[in-house]
Each structure stands twice: as structure tokens, then as C-alpha cells.
Trainee: 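A single structure is presented below for examination.
Lettering of chains follows the sequences in order, A, B, ..., and the numbering in each one begins at 1.
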Number of protein chains: 2
Amino acid sequence: MSLIFSRQCEYALQAVTYLALKPEGEMTSIKELAKKLGIPYHFLGKILQDLSYKGLLASQKGPTGGFRLAMPAKDITLFHVVEAVDGVGFTKNCVLGFPECSGQNPCAVHEKWAGLRDGIYSMLVSKNIAQVAREMRKPEYV
Amino acid sequence: MSLIFSRQCEYALQAVTYLALKPEGEMTSIKELAKKLGIPYHFLGKILQDLSYKGLLASQKGPTGGFRLAMPAKDITLFHVVEAVDGVGFTKNCVLGFPECSGQNPCAVHEKWAGLRDGIYSMLVSKNIAQVAREMRKPEYV
DNA sequence: TCATATTCAGAGTTCTTTATCCTAAATTAG
DNA sequence: CTAATTTAGGATAAAGAACTCTGAATATGA
Ligand code: FES
Ligand code: FES
């Protein structure tokens, strides 16, 4: 079981932050990304394709081709990626799965969850991916 | 996509807290639970069966049969249910999906996530399900 | 120019989760 | 004892997520 984000979304987040480390405009192949990040090659291809379709990445075919961010890294947050891949359900839904989540008929943990949800949101938007990428202390990001 | 807990786990949490409202020892049928909580009947049956197997619930067949908590509601927390159904992965895994999550090679949001993860854990253990059930402001719980 | 190697694009497949169905076994009430 | 009710449990179907295979586009260099 994946936690809050789907596997696809996790891979997307890893890949996009990896791209943020590259000089602006430089193309990076699926091969390099898949190898460095340990993500299944073809699956990653489909994910990046999807991110291109949604306007977050730009792609180019052929040798020397690959993917790059469609806009400056400082203008992208992790939230943009989550929004594009998983949607914004986690900002609206009841953590216990009840059909409605509002102050009207709150479940027992509604208040507590509201705070945590805000925390998650702020974790995703408080830094742009250029900063995020630099703060990664992961061997994958070398 | 469900958020942090699987659908199955959400249903389990709703059902167990519902049972916590009943007088200790009283049996409640799948029928009543499914109807009140709006959970698919047969699916809920499997979930409750599983919770019985894991020792959280006790069951009895025949008319007047049903399910009840296997121990006093004050001794059960939401975490017990999550643990039984989804496991404790969320307390250990990297929120960005990296294979390792530790202070050794932290991802960019590791610290922030550590705090949120603790918050989620405390949300699940700070009250027993008797309290949780009483605090539900849900029409389902009547 | 054109063959070839490289890379993305998109359809297709497998696996897991969710949900349904059906029959058997246990238990109660009459 | 019989009929009604309820859980137990296997089998199956539908939906969604995860992953794979094949083909189209493109740059390079012979
Ligand atoms: S109603 Fe449950 S989190 Fe809002
Ligand atoms: S390494 Fe990412 S949350 Fe710990």
C-alpha cells in the first residue's frame, strides 16, 4: 500500500525534482531518470508522457531528445505535480472515508485532520522544486 | 484514489466506531451496519470477518447474531484497526516514495513529514473508540 | 541521401483492490 | 423438528493501478 500519494505520483515527484537539478532547457532521457531513480522504465515513460500532456514537462523525440521542465523550476511546486497526477482529493476528503467532510457534520477527527491536511499542503507548496531538489540528501540525486 | 487508508480500512474504522456506541456485548448485524453506514453489504461482511479473525471483533451466527467488539471500547484505538487492516507502513515510509526513509539520507521534506506523521499517529491513538464514537457528528451514527 | 540508432508515444497486458454472488454452516424461535 | 436468520467462506466480476511491448518520430553520421 502506498501512502497518501499513488505510486505514479511518487515517481512523478521524484522525476520532476530530478529534472529541476538540470540546467534550464537541458533534455534528460527516460533512461537516465529510470536508472538513477530506480523506477520501472516503461512505466516512467507513461508518467512523463502524461505530465507533458498536462503541460508540466516538454518532450522531444530522437537522439538528444528527452524531457525537460516546461517552465522555470522556481515556478513549480510539489503541489503542482500532485495536482496533475492524483488530483486534490486529499484536501477535501474525510480521512475516515465518510462521504462528506465539512464543519457541518464533522467526524471525530475532523479538526485534528484539518490541521494535518494544512500541514501536508504547506509541505507541498512552501518551497519550489529548485529548492526541494537542492535539499535532497539522496544518493539518487548525483 | 483513497487517501492515507485503503477503502477497506475506512469501512473498518467506521464500522468499529459504530459498534462502540452499542451497549457492551450487544450484537449488531452486518445488515444494520451496511445500511446505516452506506457500505456495500457483502464487502463489509468480508471486512468484519477479517477483523474477527484478527481478534478485534467477536461474531455469532443465527438470528440475534452479529458482531460485537471483542474487548471493551475503551481499550481500542483507531490505530488498532488501521494496524490490523492496512498495517503500519505509513509510520515508516517516505512520503515521496523513496526506498529508504531515515535521517541518514533524508529527502527534502523528511523533517516536515516526520512531524505530520507523528500528528497522524497521535490522531489515531490519543482517544479510545468509545470517545471517538461519541464525538461523531454524523447522521449515520443514530 | 538514407540507413540506423535512439528516444518518446500510445496501445496493450498483468496484478491488486473493490465489490458481488452463491452455498454452507450455525443458531434461534416457533 | 422445521423454518427463518445470520455469519463463513469460496468463487467470480468489475474497476483501477502498475507495468510492458511495439511502433512512430528524429537526429546523426556513413
Ligand atoms: S468529516 Fe472526517 S475529516 Fe472531515
Ligand atoms: S526520506 Fe522522505 S520522508 Fe523520510
Trainee: Please, which pairs that meet ring pair (Phe, Tyr, Trp, His ring centres under 6.0 Å) have at least one residue in residues 7-49 of chain A, sequence neighbours excluded?
Mentor: Tyr11(A)-Phe43(A), Tyr18(A)-Tyr141(A)
Trainee: Report the distance from atom CZ of Arg7(A) to atom C1' of dG16(D), rounded to the nearest whole Å.
Mentor: 16 Å
Trainee: Return the value, rounded to whole Å, for the distance between atom CD1 of Ile47(A) and atom P of dA18(D).
Mentor: 8 Å
Trainee: On the nucleotide dA26(C), are OP1 or OP2 found under 4.0 Å from the side-chain N or O atoms that Gln60(B) carries?
Mentor: no
Trainee: Determine yes or no for a side-chain-to-main-chain donor-acceptor pair under 3.5 angstrom, with Arg117(B) supplying the side chain and Thr91(B) the backbone.
Mentor: yes
Trainee: Which residue, Tyr41(A) or Lys46(B), contacts DNA chain D at a nucleotide closer to its 5' end, judged by nearest heavy atom?
Mentor: Lys46(B)
Trainee: Looking at Leu69(B) and Ala73(B), what are the two nearest heavy atoms and their distance?
Mentor: CD1-CB, 3.8 Å
Trainee: Between Lys31(B) and Gln8(A), which has a closest nucleotide on DNA chain D that is more 5'?
Mentor: Lys31(B)
Trainee: Do Ile4(A) and Phe90(B) come within less than 4.5 Å of each other through their side chains, counting heavy atoms only?
Mentor: no
Trainee: Starting at atom CG of Leu48(B), determine the distance to atom P of dG9(D), rounded to an integer number of angstrom.
Mentor: 13 Å
Trainee: For Leu44(A) and dC21(D), what is the distance between atoms CG and C1' respectively, to the nearest whole Å?
Mentor: 16 Å
Trainee: Take the protein atom NE2 of His42(B) and the nucleotide atom P of dT12(D), then report the distance between them rounded to whole Å.
Mentor: 16 Å
Trainee: Output the rounded distance in Å from CG (Asp50(B)) to C1' (dT18(C)).
Mentor: 14 Å
Trainee: In whole angstroms, how far is the C1' atom of dA8(D) from the CG atom of Leu51(B)?
Mentor: 15 Å
Trainee: Do the side-chain N or O atoms of Gln49(A) get closer than 4.0 angstrom to the phosphate oxygens (OP1, OP2) of dG10(C)?
Mentor: yes
Trainee: With respect to the side chain of Phe43(A), which nucleotide from dT20(D), dA24(D), dA19(C) is positioned closest?
Mentor: dT20(D)
Trainee: Is any NZ, NE, NH1 or NH2 atom of the basic residue among Lys54(B) and Asp50(B) found under 4.0 Å from an Asp or Glu carboxylate oxygen of the other?
Mentor: yes
Trainee: Under 4.0 Å between a side-chain N/O of Ser29(B) and OP1 or OP2 of dT5(D), yes or no?
Mentor: no
Trainee: Quickly work out the Ile30(B) CD1 to dA8(D) P distance and round it to whole Å.
Mentor: 7 Å
Trainee: Which nucleotide, dA9(C), dA19(C), dA18(D), lies nearest any side-chain atom of Lys61(A)?
Mentor: dA9(C)
Trainee: Ignoring the backbone of Ser59(A), work out which of dC8(C), dT22(D), dT20(C) is nearest its side chain.
Mentor: dC8(C)
Trainee: Check every strand shown and say whether Gly45(A) touches a base, only sugar-phosphate, or nothing at a heavy-atom separation below 4.0 Å.
Mentor: nothing
Trainee: Measure from the side chain of Ser6(B), starting at C-beta and using heavy atoms only, and say which of dA19(C), dT18(C), dT7(D) lies closest.
Mentor: dT18(C)
Trainee: Quick one: is Tyr53(A) getting a side-chain N or O under 4.0 Å of the dG10(C) phosphate, OP1 or OP2?
Mentor: no
Trainee: Which nucleotide in the set dT26(D), dT20(D), dT27(C) lies at the smallest distance from any side-chain heavy atom of Pro63(A)?
Mentor: dT26(D)
Trainee: Check for a donor-acceptor pair, side chain of His110(A) on one end and backbone N or O of Cys107(A) on the other, with a separation under 3.5 Å.
Mentor: no
Trainee: Would you say Thr64(B) reaches dT6(D)'s phosphate, i.e. side-chain N/O to OP1/OP2 under 4.0 Å?
Mentor: no
